[in-house]
Every structure is written in C-alpha cells, then in structure tokens.
Amino acid sequence: MTTPAKRAYSANTRLLHADRLGGVEHGAIHKPLHVSAAFNYPTARDLVEVFQGNQAGHVYARQGNPTVNALEAKVTLLEDAKGTATFATGMAAITAVFLALLRAGDHLVCTRFLFGNTNSLMQTLQALGVAVTFVDATEAANVRAAITPATRMVFVETIANPVTQVADLDGIGRVCKDAGLLYVVDGTLTTPLLVKGRDVGAGLVVHSLSKSIGGHGNALGGAVVDTGLFDWTTYANILPPYKKGPADKWGLLQVRKKGLRDMGGTLRAEDAHRLAVGAETLALRLGRVCDNALALAQWLEQQPQVARVHYPGLASHAQHERAARLFDGGFGLLMSFELREGIDTLAFLDALQLVIVSSHLADNRTLAIPVAQTIYYEMGPERRAEMGIADELIRLSVGIEDVADLIDDFSQALANIT
Ligand SMILES: *Cc1c(COP(=O)(O)O)cnc(C)c1O
C-alpha cells in the first residue's frame, strides 16, 4: 500500500488523499458511509473509557460518526487548524458557538454587515440576555471602541452578504489579541483557500459547508474550526467538565458537547459524504468562479443600464486594496449590483434565460436574487439601509459556466428590458 508523506504536499493534494492517511476500511480510497446510530466495544470498560473521553471512539451518532469525522479532518486541513466540529447547517454551527460559549450578561461585538439569518439570530441572543453591539467592521477602530468589560467575543464575516464589504480582518485580529477576546470569523464567502482564519488572528472560524466547500448545492452542513490561536484558559465560560485534558481542546469540546450532544444539530453521515466529495474539487471550482466573477463584474460595470457593482475584485470597491492584500488568488463568487433607476429589477430577472433566480450561494450554476424583497425582507427597511441594501439590489452567486455564456445572458436580458 502506498501512503503519501504527511507534510510534503500542498493542502489541495493532502485533502485528496486525506481518507487514505486516516486508514480506510477494506482498502477503500474513500471514507465509507457509516450510518450506525450506536457503537459497541470489546469490553464494558472500553465503553466507559470512551464515554469519559479517555479513549478515542464513538458512543452515539448524535455526537459524531466516522464519516463525519473524516470530513472534519479535511476542513481542519484546509484551515491549517487544530480541530473541527461539523453541524447540520452553517446556522447550526453559528448557533452552537454562541449558545455554548456565551451567557446572559455577556457582551458581543458583531459586524453590522451580516448574513440575514445570523442577524435574526442576534435577536434571539439579545432575548436570552446577551448584549450585542453592531459596528462597521470595515474599520478595526470601531470594534475597539465598542469593547466593554463584559465583552467576550467579536464576530465578523470575511466578505459580507450581499454588498461585499470586506472586514478589517487582520486589524480586528490585533484588537482582539490585545484585549484577550475570542475572535470568531465566518469565512464562508472566502473559504480557507482565499484566507485562513489563523492568518488574520481568529480563534474560531465558522463555515457554511453548504456553500463553496460542498459546492454542488446538494447537501447542507456547517463547521466550527479551532485555529489554536486562542488561549482557552483565559475564557470565563468554560464549564468544569470540559476543563479536562489539554487546554487547547477545551473550547471546541464545549462547542461539540453543547451543540451536538445537547442541542442535536448533527450532520448526517450521508450529507458529510457528499460534502467531502464536493470538497475534493474546491480548489478547481474556486479558481474558476473567481475568474468568472471578476470578468462578469468588470463587464457589468461598463454597461450603461447598470448603476453600481459591488465586488471586492473591482478597483472601485472601497476595500479593494485590503482584499487584494488578504485574499490569496481571487475575490470570491459573491457580487451584487443595482440597475439604473426606472429599470424594473424583477422584469430583468425574468428576462434571464441561463442564470437561475434562486436563493443559495456557491452552487456550480450562477444564481441571482433580488435581496430586499426576499432574503433581507424580514429585517425591515431601517436595518437594510444600515447594511447598504438598496431596494434594487440584485445578488449574484457566480458559477462555473463558461463566462462568455454568462455575459451573453446578462447582455440579452439588459437589451430585452431597456
Ligand atoms: C449560508 C451562510 C450561512 C448559513 O449557512 P447554512 O448552511 O445555509 O445554514 C452563514 N453565513 C454565511 C456567510 C452564509 O453565506
């Protein structure tokens, strides 16, 4: 049997061979699907040791199973991190971080430019007694100014949905380090290939695996990654049972026990398998969507019917220089644009023949959605204005089609309605 050397290869190559490194049953080169709910050991003493965390193993699949663990190993490898816990969805992962690690009376500093459902989740946290301050996270000074003695955590997104603001990621990392705060970054829209959490000082990174990492729009999942940078011995909210063993594992252990064992936000083995197969082509797909998105953004910006294009790869973007400095190899798949006043946004979307009008991000197919009327509808006009979301804003998730075909479709739709 050949075994690839553990360190010599790139992350992409190692990801493709990760299952073999873990030792796959029967010589299979894919991790098989384990659908067993429960696990049995040679002796009752072994079961006790596994339950008490003294011996590796599984007890009940709500807390994980071997197929899910194989995916976790791949995400850890992509982030060059210490460990990963996966969840049923990105929202389950984010919820697990907040509910496992925050308590009533704590204060959270949160970016104002936020994924809609995370924004809604903040109201739940506030109702439970966690104070939340929303700040413009494109300047680290705003985060610093919001910190109080009760602040425990800072939460930001790498590229914000849907207007593509790029947070002052490394500046905020330095602020959190100085203040001893846990820095949590939602890296969904950059993936670990464009920017790794550890490189900007994040203690935890969350990902919606439903997006680029899975990549095919056929499975949901989420991940919480511990970069190893945060010193958990300084964190006030670690409960006594999780202060066993090495301190670098405490935080993720508590997130796993609360989020999976107690709250049950468990990723199914079938979905873990699909996400892991999807992740094998992440580097290929991401290169392609970044190229497509930049070409499309540059083309849209030239069209007389288009008033504004938001894409970090454009020189006109307010954080373009930061994005070019922080992101390795591209600017992602998310962009948004506004048509000139008087053009009917919904009629334009109906005129598209190839691009699919749909929510979701990071399918292989290009998707478009009018955001103010749909995914950002519930938050109301005031909060939308704070986030820079115009009523005419169209969000695009750029896919891997041939870019000439995409430009052709937008071109015919613009001609059709004007
Ligand atoms: C989609 C998304 C989420 C939520 O992930 P789900 O897997 O859909 O629950 C969280 N954050 C960002 C930035 C997202 O794009």
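Indexing begins at 1, ligand by ligand and atom by atom, following the structure's order. Starting from 1, each residue takes its place in the sequence as its number.
Contact analysis puts Ile94 in contact with ligand 1, with a non-hydrogen atom separation below 4.0 angstrom. The shell of residues lying under 4.0 angstrom from ligand 1, judged by heavy atoms, excludes Ala92. Remark: distances from the non-hydrogen atoms of Leu361 to ligand 1 include one below 4.0 Å.
Geometrically, Arg383 engages Phe134 in a cation-pi contact defined by less than 6.0 Å to the ring centre and at most 45° from the axis.
Looking only at protein heavy atoms, the nearest one to atom 4 (C) of ligand 1 is Phe115 CE2, 3.5 Å. The closest protein non-hydrogen atom to atom 7 (O) of ligand 1 is Ser210 OG, 2.6 Å. What sits closest to atom 9 (O) of ligand 1 on the protein, heavy atoms only, is Met91 N, 2.9 Å. Looking only at heavy atoms of the protein, atom 1 (C) of ligand 1 is closest to Lys211 NZ, 1.4 Å. Shortest contact from atom 6 (P) of ligand 1 to any protein heavy atom: Gly90 N, 3.3 Å. Here the protein heavy atom with the shortest distance to atom 12 (C) of ligand 1 is Asp186 OD2, 3.4 Å.
Judged by distance alone, the side chains of Thr345 and Glu392 never bring a donor and an acceptor atom under 3.5 Å apart. Looking only at atom types and distance, the side chain of Ser397 has no donor-acceptor partner in the side chain of His360 under 3.5 Å away.
With Ala223, Ser208, Gly187 as candidates, the residue nearest to atom 5 (O) of ligand 1 on a non-hydrogen basis is Ser208.
Contact detail for Ala93 and Val224: the closest heavy-atom pair is O-CG2, 3.6 Å. Across all their heavy atoms, Glu72 and Thr86 have their closest contact at OE2-N, 2.8 Å.
Rounded to the nearest 0.5 Å, atoms CD (Gln319) and CZ (Phe327) are 9.5 Å apart.
Side chain of Thr227 to main chain of Ala202: a donor-acceptor pair is present (N/O by atom type, distance under 3.5 Å, no hydrogens or angles). Using a distance-only test at 3.5 Å, with no hydrogens or angles considered, no donor-acceptor pair links the side chain of Arg198 to the main chain of Gly228.
Contact atoms of ligand 1 toward Gly221: 7 (O) (distance under 4.0 Å to a heavy atom of the residue).
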